[in-house]
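Worksheet for the structure shown next.
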Amino acid sequence: MAYPSKIFTTIADSAVDADSPIDVSLMTSLRDNDVHLREWLGKDYAAEPNHSHDGVNSKSISGGQFLLMDRDTMTVSQSFVTVDTVALYIPADLTLLSYCARTRVELTGRADVRLKIGATDGTTVQGTPDSTVFAWYGPGTIDVSSLSGWQTFEIQLSHTTGSYNAYFDKAVGRMS
C-alpha cells in the first residue's frame, strides 16, 4: 500500500480569515489535501462507491443497544400473546439477538416476555415473582443466524397465574 502522493496540511485559521489574501500557499494546501484524502480513503487510493453496510461489502457493527418497544401493554393470559411487533434489519453476518424487558405484575405471579419470528421462539425473560414494581429482567436470546434483511418479530407476554395482570412497558435489544 503506497503512501498518498500529497501530504495533508493543516490550514491555520489565520490563513482563511477575512483579512488574509488567497495565495499560492493556501490554494496548494487545499488541492493537496483533496488529493491526499482521495488517495487515503479509496481502495488502492482510488475513489470507491459508498458502502451499503449490508454485511457483505462492509462489516456490520454489533453490540449496539437499541429500543425494541416503549409503550405500556398488559395481559392476563397464561399463554404467550403477541402484544406488539417490531421490524428489525438483520445483517447477514450477525447470529444472535439478545433482549431485556421491563415488567411487573398486578399482585402476584410473574410476567414473562419473549421474542418470536415465524415458528422460532426466543428464550423467555422471566420477571421476579410477585414484583409489583417495574424492573429490568433478562437477557433472553433468539437465534438470527439464518435470517438477513428486514424481519418482523413478535413481542410476546404471558402471566404465570392468569389471575392478575402482567404488565410490560419497555424492551431493549442487542445484536452480535
Side-chain angles (χ1 to χ4, degrees), residues 1-73 82-103 113-125 134-156 168-176:
M1 183 161 102
Y3 195 77
S5 63
K6 303 290 184 181
I7 63 167
F8 188 89
T9 304
T10 302
I11 300 170
D13 288 341
S14 61
V16 293
D17 65 10
D19 296 326
S20 297
I22 297 175
D23 60 14
V24 171
S25 176
L26 175 62
M27 294 308 293
T28 300
S29 293
L30 290 171
R31 182 205 61 204
D32 290 355
N33 286 354
D34 284 347
V35 170
H36 176 89
L37 289 172
R38 180 181 46 92
E39 291 175 349
W40 183 260
L41 295 174
K43 180 181 178 208
D44 298 327
Y45 303 123
E48 286 292 309
N50 291 334
H51 295 287
S52 64
H53 298 283
D54 61 1
V56 176
N57 68 8
S58 59
K59 185 148 177 65
S60 57
I61 299 171
S62 65
Q65 183 172 297
F66 53 90
L67 191 61
L68 285 167
M69 187 177 123
D70 186 17
R71 72 173 184 81
D72 292 339
T73 189
T82 299
V83 292
D84 205 354
T85 59
V86 61
L88 297 173
Y89 185 84
I90 308 295
D93 61 335
L94 297 184
T95 60
L96 192 67
L97 171 56
S98 302
Y99 49 93
C100 292
R102 201 171 92 119
T103 66
V113 174
R114 74 178 180 195
L115 290 184
K116 178 181 180 88
I117 184 162
T120 304
D121 296 333
T123 60
T124 300
V125 172
F134 276 111
W136 286 99
Y137 301 101
T141 59
I142 190 166
D143 181 359
V144 295
S145 61
S146 64
L147 305 174
S148 66
W150 285 102
Q151 305 291 326
T152 301
F153 291 82
E154 297 176 46
I155 301 173
Q156 297 187 323
F168 169 41
D169 74 344
K170 292 187 186 342
V172 293
R174 178 175 186 246
M175 285 189 234
S176 55

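Side-chain atoms are counted along with the backbone in the values below, which use heavy atoms only and exclude waters and symmetry mates.
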Atom pair [atom1] ([X]) and [atom2] ([Y]), whose distance is rounded to the nearest 0.5 Å:
| X | Y | atom1 | atom2 | answer |
| --- | --- | --- | --- | --- |
| I155 | T73 | CD1 | OG1 | 9.5 Å |
| I142 | M175 | CD1 | CE | 11.5 Å |
| L30 | M27 | CG | CE | 6.0 Å |
| L88 | L94 | CG | CG | 11.5 Å |
| L97 | S145 | CG | OG | 12.0 Å |
| K116 | T152 | NZ | OG1 | 14.0 Å |

Could you check whether any side-chain N or O of [X] sits under 3.5 Å from a backbone N or O of [Y], counting only pairs where one atom can act as donor and the other as acceptor?
| X | Y | value |
| --- | --- | --- |
| D169 | R71 | no |
| S29 | S25 | yes |
| H36 | I7 | no |
| T82 | E154 | no |

Query - F8 and L37: CA distance, side-chain angles, deciding distance, side-chain contact (heavy atoms from CB on, under 4.5 Å) verdict - result: CA-CA 8 Å; F8 188 89; L37 289 172; 4.1 Å; yes

Query raised in the report: Does atom CG of L67 have more than 12 heavy-atom neighbours from other groups under 6.0 Å away?
Result: yes

Requested in this report: Please check if atom CG in D17 has more than 12 non-hydrogen atoms from other residues, nucleotides or ligands closer than 6.0 Å.
Outcome: yes

Requested in this report: Answer yes or no: is there a side-chain heavy-atom contact under 4.5 Å between S176 and T95?
Outcome: no

Report task. Answer yes or no: is there a side-chain heavy-atom contact under 4.5 Å between F153 and D84? Result -> no

Please give me the minimum heavy-atom distance between [X] and [Y], naming the atom from each residue.
| X | Y | value |
| --- | --- | --- |
| V125 | Y99 | CG2-CE1, 3.7 Å |
| G140 | T123 | CA-OG1, 3.1 Å |
| L68 | L115 | CD1-CD1, 4.2 Å |
| A101 | F168 | CB-CE1, 3.5 Å |
| A15 | S20 | O-CB, 3.6 Å |
| S148 | A92 | CB-CA, 3.9 Å |

Query - Test side-chain contact (heavy atoms from CB on, under 4.5 Å) applied to T124 and V113, step by step - result: CA-CA 6 Å; T124 300; V113 174; over 6 Å; no

Query raised in the report: Step by step, would you call N33 with I11 a side-chain contact (heavy atoms from CB on, under 4.5 Å)?
Result: CA-CA 10 Å; N33 286 354; I11 300 170; 4.0 Å; yes

Report task. Only one of T103, D70, D72 passes side chain to side chain donor-acceptor pair (under 3.5 Å) with K170; say which it is. Result -> D70

**Report entry** Residue pair R114 / Q156, side-chain donor-acceptor N/O under 3.5 Å
**Finding:** yes

